[in-house]
Chemist: 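Structure below; questions to follow.
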Amino acid sequence: MNILDIKNLNLSFLSDGKKYQALYDINLSLKQGQMLALVGESGSGKTITAMSVLRLLAANAKITSGEILYRGENLLSLSEKEMQKIRGKEIALVPQDPMTSLNPLFTIGSQLLEIIETHQGLKGDDAKKVAVEVLEQVKIPDAKNRLKAYPHEFSGGMRQRVIIAMAIACNSKIIIADEPTTALDVTVQAQIMDLLKEIQKENSTSFILISHNFSLVYEVADAAAVMYAGRIVENSDAYELFKHPKHPYTRALLKTLPDFNSTNLQSIEGQPPSVKDDFKLCPFEPRCKEKIDICKTEIPQCKNIENSCVSCLLYK
Ligand SMILES: Nc1ncnc2c1ncn2[C@@H]1O[C@H](COP(=O)(O)OP(=O)(O)OP(=O)(O)O)[C@@H](O)[C@H]1O
Ligand SMILES: [Mg+2]
């Protein structure tokens, strides 16, 4: 059984008295111990997909249909109280800016100990021992003394490590990391990715890793899904997706990467879609370099090709 299955998830926003659909029939699955990357341009719906899982959506957002099954249980039908037991414990979030999850007024140690006391039922020296262990697992040097430090005494990368340590302390089964490294410099980005990979292997934690950065996730992801205009346009194992991209959008996105094609760097022409666009047909058609006649008349459906799922009429 998958640890997480998102099935036919549709989400809309109410804005200025109008309803905008922002997610269209999202289907994703995450296996136990797997790292799934969610990639796509800004505004494609990565964060709202992740926040749907945690049920931390804006007040004007409404999930109109679909299921989110965590170990077979539909999170969307849980009460808020039941959801609180899942959130931050079973499923943890590592946000883009770690300061949003750390309280600047309390030491790292007291914040970590509170989690360990609540979630593991430990007290005193036993709790402190675990706090040091988790900080060591995320490679914070001199962990024992660093418990006394306040968040502002840590660098951005170190703060992100603390957030990851908190997720480990709760023994979270799924960690959702939403652009966990965008605020960090390049070498630190790679170190945090390596750390996530290590935790995945050692603790068998499952990950949803959200990123703009294909080259960063390519190194670590097992599976990858590409989002465009609130839809999943391609979904497959990471190697296949990066080495043999099938959707024209995935191909275009890969060409924008210096690491993948340094001699012929391109940007994707045309306007990225807005949530206010109401596409009747393929949403990438206006920008697509590989479009064919039927793109003007038919709606693409997700099709299984080898081990990929691709939503493109080229494969009809
Ligand atoms: N509360 C809201 N009300 C109306 N529209 C919203 C709201 N929150 C998000 N959106 C819209 O939903 C779409 C998807 O947003 P989302 O934050 O998931 O994008 P993203 O893929 O995470 O982008 P980024 O890479 O910039 O983080 C965007 O067009 C965004 O403007
Ligand atoms: Mg986002």
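Atoms within a ligand are numbered from 1 in the order they appear, just like the ligands themselves.
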Chemist: Measure the acute angle between the ring planes of F284 and Y228, then classify it against the limits of 30° and 60° as parallel, tilted or perpendicular.
Modeler: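 Aromatic pair F284/Y228 classed perpendicular.
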Chemist: As an exercise, state the distance from CG of L9 to CD1 of I26, rounded to the nearest 0.5 Å.
Modeler: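 Between atom CG of L9 and atom CD1 of I26 there are 6.5 Å.
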Chemist: Quick one: look at H212 and ligand 1, take heavy-atom pairs under 4.0 Å, and tell me if it's side chain, backbone, both or neither.
Modeler: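 Within the 4.0 Å criterion, H212 contacts ligand 1 through side-chain atoms alone.
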Chemist: Heavy-atom contacts with S44 under 4.0 Å: which atoms of ligand 1 show up? List them by number with element.
Modeler: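 Near S44, the atoms of ligand 1 are 19 (O), 21 (O).
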Chemist: Which of the numbered atoms in ligand 1 are below 4.0 angstrom from a heavy atom of V275?
Modeler: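 By the 4.0 Å cutoff, the relevant atoms are 29 (O).
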Chemist: Is it the case that the side chains of S110 and T107 hold a donor-acceptor pair, with the cut-off being a distance below 3.5 Å and no angle test?
Modeler: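 Yes.
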Chemist: Would you mind running through ligand 1 and noting each atom that sits below 4.0 Å from a heavy atom of A58?
Modeler: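 This gives 1 (N) as the contact atoms.
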Chemist: Could you see which bit of D178 sits under 4.0 Å from ligand 1, with heavy atoms only: side chain, backbone, both or neither?
Modeler: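 Near ligand 1, D178 shows nothing, with every heavy atom at 4.0 Å or more.
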Chemist: Could you grab the distance from atom NZ of K316 to atom NZ of K303, nearest 0.5 Å is fine?
Modeler: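 So the NZ of K316 and the NZ of K303 are separated by 9.5 Å.
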Chemist: Can you find an N/O atom of K46 closer than 3.5 Å to an N/O atom of ligand 1?
Modeler: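 Among all N and O atoms of K46, at least one is under 3.5 Å from an N or O of ligand 1.
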Chemist: Quick check with a 6.0 Å cut-off and a 45 degree axis cone: is R231 positioned over the face of Y24's six-membered ring?
Modeler: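 Yes; both conditions hold, so R231 lies above the ring face of Y24.
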Chemist: Compare G43, S52, A50 and give the one whose heavy atom is closest to atom 14 (C) of ligand 1.
Modeler: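 Nearest option to atom 14 (C) of ligand 1, by heavy atoms: G43.
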Chemist: Using 0.5 Å steps for rounding, measure from the CG atom of L56 to the OG1 atom of T47.
Modeler: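 L56 atom CG to T47 atom OG1 measures 12.0 Å (nearest 0.5 Å).
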Chemist: Can you pull out the closest protein heavy atom to atom 12 (O) of ligand 1? Residue, atom name and distance to 0.1 Å, please.
Modeler: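 Heavy-atom neighbour on the protein nearest atom 12 (O) of ligand 1: F13 CE1, 3.4 Å.
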Chemist: Ligand 1 and G40, any nitrogen or oxygen pair closer than 3.5 angstrom?
Modeler: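 Among all N and O atoms of G40, none is under 3.5 Å from an N or O of ligand 1.
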Chemist: Name the closest protein heavy atom to atom 3 (N) of ligand 1, giving the residue it belongs to and the distance to 0.1 Å.
Modeler: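 The answer is N60 ND2, 3.0 Å.
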Chemist: Using the benzene-type ring in the case of Trp, are the ring centres of Y20 and F13 under 6.0 Å apart?
Modeler: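 Between F13 and Y20, which both carry aromatic rings, the centre distance is not below 6.0 Å.
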Chemist: Look up atom CD in E198 and atom OG1 in T205, then write down how far apart they are to the nearest 0.5 Å.
Modeler: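 The distance works out to 12.0 Å.
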Chemist: Can you report which non-hydrogen protein atom sits closest to atom 18 (O) of ligand 1, along with the distance?
Modeler: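 Residue, atom and distance for the closest contact: I48 N, 2.9 Å.
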Chemist: State whether E41 and R287 are salt-bridged, where the test is any N-O pair (Lys NZ or Arg NE/NH1/NH2 against Asp/Glu carboxylate O) under 4.0 Å.
Modeler: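 Salt bridge: yes.
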Chemist: Nearest protein heavy atom to atom 7 (C) of ligand 1: under 4.0 Å?
Modeler: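 When distances to the protein are checked, atom 7 (C) of ligand 1 has a heavy atom within 4.0 Å.
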Chemist: Could you check E234 against T250 for side chain to side chain donor-acceptor pair (under 3.5 Å), going step by step and ending with a plain yes or no?
Modeler: CA-CA 7 Å; E234 181 162 0; T250 315; 2.8 Å; yes
Chemist: Non-hydrogen atoms of S15 versus ligand 1: any pair closer than 4.0 Å?
Modeler: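 Flag not set, S15 not near ligand 1.
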Chemist: Indicate if the distance from the Mg ion (ligand 2) to the nearest N, O or S atom of S42 falls below 2.8 Å.
Modeler: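 No, S42 does not qualify, because none of its backbone or side-chain N, O or S atoms lies under 2.8 Å.
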Chemist: Starting from atom 22 (O) of ligand 1, find the nearest protein heavy-atom neighbour and note its residue, name and distance.
Modeler: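 Checking every protein heavy atom, the shortest distance to atom 22 (O) of ligand 1 gives T47 OG1, 2.8 Å.
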Chemist: Quick one: closest heavy-atom pair of N203 and I168, and the distance?
Modeler: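 Shortest heavy-atom separation between N203 and I168 comes out as ND2-CG2, 3.6 Å.
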Chemist: Polar contacts were defined as any N/O atom of the residue lying under 3.5 Å from an N/O atom of the ligand; does this apply to G45 and ligand 1?
Modeler: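 There is such a contact, yes.
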Chemist: Just to be sure I read this right, does ligand 1 sit under 4.0 Å from the backbone of S42, its side chain, both, or neither, counting only heavy atoms?
Modeler: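 S42 to ligand 1: contacts from backbone and side chain alike.
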